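Take a look at the structure set out below.
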Amino acid sequence: MEKSKIWLSSPHMGGNEQGYIKEAFDTNWVAPLGPNVNGFEQDLEKYLNADIHVSALSSGTAALHLSLVMLGVGAGDEVICQSMTFSASANPIAYQGATPVFVDSEPETWNICPVALEEAIKDRMEKGKKPKAIIAVHLYGMPFKADEITAIADKYEIPLVEDSAEALGSTYKGKKCGTFGEYGVLSFNGNKIITTSGGGALVTKSKEKKDKTVFLSTQARDNAPHYQHSEIGYNYRMSNICAGIGRGQMEVLDSHIEKRRAMNHFYRDLFKDTDAVTVLTEPNDDYFSNHWLTAVTIDPQKNGGKTREDLRLALETENIESRPLWKPMHMQPVFEKYPYYGGKVCEQLFENGLCLPSGSNLNDDERLRIKNAIARYL
Ligand SMILES: *Cc1c(COP(=O)(O)O)cnc(C)c1O
C-alpha cells in the first residue's frame, strides 16, 4: 500500500468550528455578514491586542488590494514591494495600474532589506517619483526588521502595508505582527496557520478606516433606499459561514503555534550535526515566529554536492511534500520588466531553500517518516 501523503501545511480543525456554522444555519445567517463575522473580528481585535480595528474579508489578496485602494494608489504610481514573497503581495499593485518596485531580502529574517529599501526610495525620488506605499512581508511567520523598516517608512513619510498573511501570532519586541503598518493584512487560506477555508482580514488604525473598508468591500452602497453608488465598490466581505470556521480556529490558534514551533525544533534537532543545512530561526529574542513553515537552506558545497532539489525529490519518493522557497517577484516572467534594488540575497535563498512539512496536525508516525527520509538523504 502506498504511504499516505504528508503535506507541507494542511487545515487543522479545533472541533468547535461546526458549532458556529450550525448556529449560522439555524438562524439563517448564510450571507457575507452576520454575528460570526462580527464575532470573528472581535476575536482578532482582542488577540492582536493593540489599538486596532479589523475587517474580515474574502481573502488576504482582497485585503492587500483594499489597502492600496484606501491609500489612493492609482495608475502611474509606484509601490515598493519585497521581492521574495508570494505573488499575492504584488498582484494588487498591478490591479491598481501602478508599478511595482522590488527590493531584495536580508539574510537574517529573509525579509525586506532596510539598506536596499532606503536605496530604492532615494533612487525613485531622484528619478522623480516618491513611492506611494511600501509592502513588507513576514515570510514563513518570521517578523521583518520592524524597527528599521518602520523608521524608514516614517522618515520618508511613506505608508507601510504589512503583509502578515503568514505571521498571525508572531511578535517583534512583544508586539503582534499585523499591527506595525498603516495597514496590516491577514490570510486564512487553507494552508495558513488558521483557516476559514478561504478568507482574509485588513487591520486598520481607526474605526473610520475600518468602516470605510467594510463599505468598499460590500459594493460601496451609499445610504439610500435604492442602490446608489458614488464610488467603485468590491465584493470582498467575508461570509458568515467562513467566519464561523474562523471563530472555532481562534480557540486553537495558540496551540497551533506551539505545535508549529515544535516542528521547527524537530528540524533543528535533525540538522544540528550538519553545517550544510541552516534552519530559519529567530535571530534573537526580539523575534518570535509562529514558524508557519519551517524552511532550510542547503549549501551543496558543504553537502557533497547534494542540493535542495535532491532533498525535495528524496522526500517526494516517500510521498512527503516539500517546496522551494517563494521565487522572487523580480525573477517572475510577469514582473521581470520592473525595477529591482539590492543584490542576490533572495536569488540565493531561492536557489538553496526548501520548505518542509510544518503542519500543526502532524503525528509521531509522520515525524518518524520525515526523520528517516532526511537521514537517508544526509
Ligand atoms: C497567502 C498569502 C497571501 C494571500 O492570501 P490569500 O488569502 O490566499 O489571498 C498574501 N501574501 C502572502 C505572503 C501569503 O502567504
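In listed order, ligands and their atoms are each counted from 1. Owing to the predicted nature of the structure, the values given are computational and were not obtained by experimental measurement.
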Charged N to carboxylate O under 4.0 angstrom, R323 versus E321?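 Salt bridge: yes.
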Could K192 and E166 be called an ion pair, given the rule that one side-chain N must be under 4.0 Å from one carboxylate O?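 Result for this pair is no, no salt bridge flagged.
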If you draw a 6.0 Å radius around NZ in K175, do more than 12 non-hydrogen atoms from other residues or ligands fall strictly inside?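 Atom NZ in K175 is crowded, with more than 12 foreign heavy atoms closer than 6.0 Å.
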Atoms in ligand 1 with a heavy atom of [X] nearer than 4.0 Å:
X	answer
S187	1 (C), 5 (O), 6 (P), 7 (O), 8 (O)
S89	11 (N), 13 (C)
V137	13 (C)
T85	13 (C)
G199	7 (O)
N189	8 (O)
A165	2 (C), 3 (C), 10 (C), 11 (N), 12 (C), 14 (C)

Residue-level breakdown please: for [X] versus ligand 1, do any non-hydrogen atoms fall below 4.0 Å on the side chain, on the backbone, on both, or on neither?
X	value
D163	side chain
L139	neither
N191	neither

Is the closest N or O pair between G60 and ligand 1 shorter than 3.5 Å?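 In this structure, G60 places an N or O atom under 3.5 Å from an N or O of ligand 1.
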Could you tell me how the ring of Y140 sits relative to the ring of W292: parallel (under 30°), tilted (30 to 60°) or perpendicular (over 60°)?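 The arrangement is parallel - the two ring planes meet at less than 30°.
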S59, G198, A88: member with heavy atom nearest to atom 4 (C) of ligand 1: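 Result: the heavy atom closest to atom 4 (C) of ligand 1 is in A88.
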Stacked cation flag R221 on Y227, 6.0 angstrom / 45 deg: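 Yes, cation above the ring, under 6.0 Å and within 45°.
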Tell me whether the NZ or CZ atom of R124 lies within the 45° cone about the ring axis of Y341 and under 6.0 Å from its centre.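 So R124 doesn't make the cation-pi contact.
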Side-chain donor-acceptor pairs of residues 328-338 under 3.5 Å, sequence neighbours excluded:
| unit_1 | atom_1 | unit_2 | atom_2 | d |
| --- | --- | --- | --- | --- |
| H330 | ND1 | S83 | OG | 2.7 |
| H330 | NE2 | E347 | OE2 | 2.8 |
| Q332 | NE2 | K327 | O | 3.1 |

So, applying side chain to side chain donor-acceptor pair (under 3.5 Å) with R260, which one of S358, S255, S9 is it?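 That would be S9.
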Among all protein heavy atoms, pick the one closest to [atom] and tell me residue, atom and distance.
atom	answer
atom 1 (C) of ligand 1	K192 NZ, 1.5 Å
atom 9 (O) of ligand 1	T61 OG1, 2.5 Å
atom 15 (O) of ligand 1	E166 OE2, 2.6 Å

When the aromatic ring centroids of H65 and Y234 are compared, is their separation below 6.0 Å?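 Between H65 and Y234, the centre distance is under 6.0 Å.
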With K176 via salt bridge (charged side-chain N to carboxylate O under 4.0 Å, His left out) - residues at least two apart: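 Partners of K176 by the salt bridge (charged side-chain N to carboxylate O under 4.0 Å, His left out) criterion come out as none, since no residue qualifies.
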